[in-house]
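Okay, structure first, notes after.
Note that the coordinates shown come from a computational prediction; the quantities given were computed from them, not determined experimentally.
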Amino acid sequence: MADLKLPKLPERTPKRITFNAMPGLFEALNAYADAYEAAYGRRESVPDLIPAMLTAFIETDRRFNRERRKP
């Protein structure tokens with residue numbers, strides 16, 4: 001079964017990371033969670049929002065993605 005249209009799925013096991021946030025960033029992240037709740041009517045925790053925020057940031061960084069695609 002070699003000629004499938006769907007490629008092999010990538011690794012999907014989540015990896016845990018921990019970091020320390022400066023007080024200003026901590027406050028901004030909580031404010032963002034408040035804004036998210038106001039916009040969508042659903043409260044999400046900051047730890048649940050951070051991966052989506054980082055993914056959105058990295059996916060829209062054109063220069064980074066251009067360099068990342070180079071061999």
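Taking both residues in full, the closest heavy atoms of Thr60 and Asn65 are given as N-ND2, 4.4 Å, listed atom of the first, atom of the second, then distance. For the residue pair Ala33 and Val46, the shortest heavy atom distance occurs at CB-CG2, 4.0 Å.
Summarising the geometry, atom CD belonging to Glu37 is positioned 13.5 Å from atom OH belonging to Tyr32; distances are rounded to the nearest 0.5 Å. To the nearest 0.5 Å, the span separating CG on Leu49 from CG on Leu54 amounts to 11.0 Å.
Take Glu59 and apply the side chain to side chain donor-acceptor pair (under 3.5 Å) test, not counting sequence neighbours, and it matches no residue. Remark: Asp34 engages Arg43 in a side chain to side chain donor-acceptor pair (under 3.5 Å) (not counting sequence neighbours). Applying the ring pair (Phe, Tyr, Trp, His ring centres under 6.0 Å) criterion to Tyr40, with sequence neighbours excluded, gives Tyr36. In this structure, the side chain to side chain donor-acceptor pair (under 3.5 Å) partners of Asp48, at least two apart in sequence or on a different chain, are Ser45. With sequence neighbours left out, the salt bridge (charged side-chain N to carboxylate O under 4.0 Å, His left out) criterion links Lys70 to Glu67. By the side chain to side chain donor-acceptor pair (under 3.5 Å) test, Thr13 pairs with Glu11, sequence neighbours left out.
Placement of Phe64 and Phe57 within a single hydrophobic cluster is found when ILVMFWY residues are connected by side-chain heavy-atom separations under 4.5 Å, directly or transitively.
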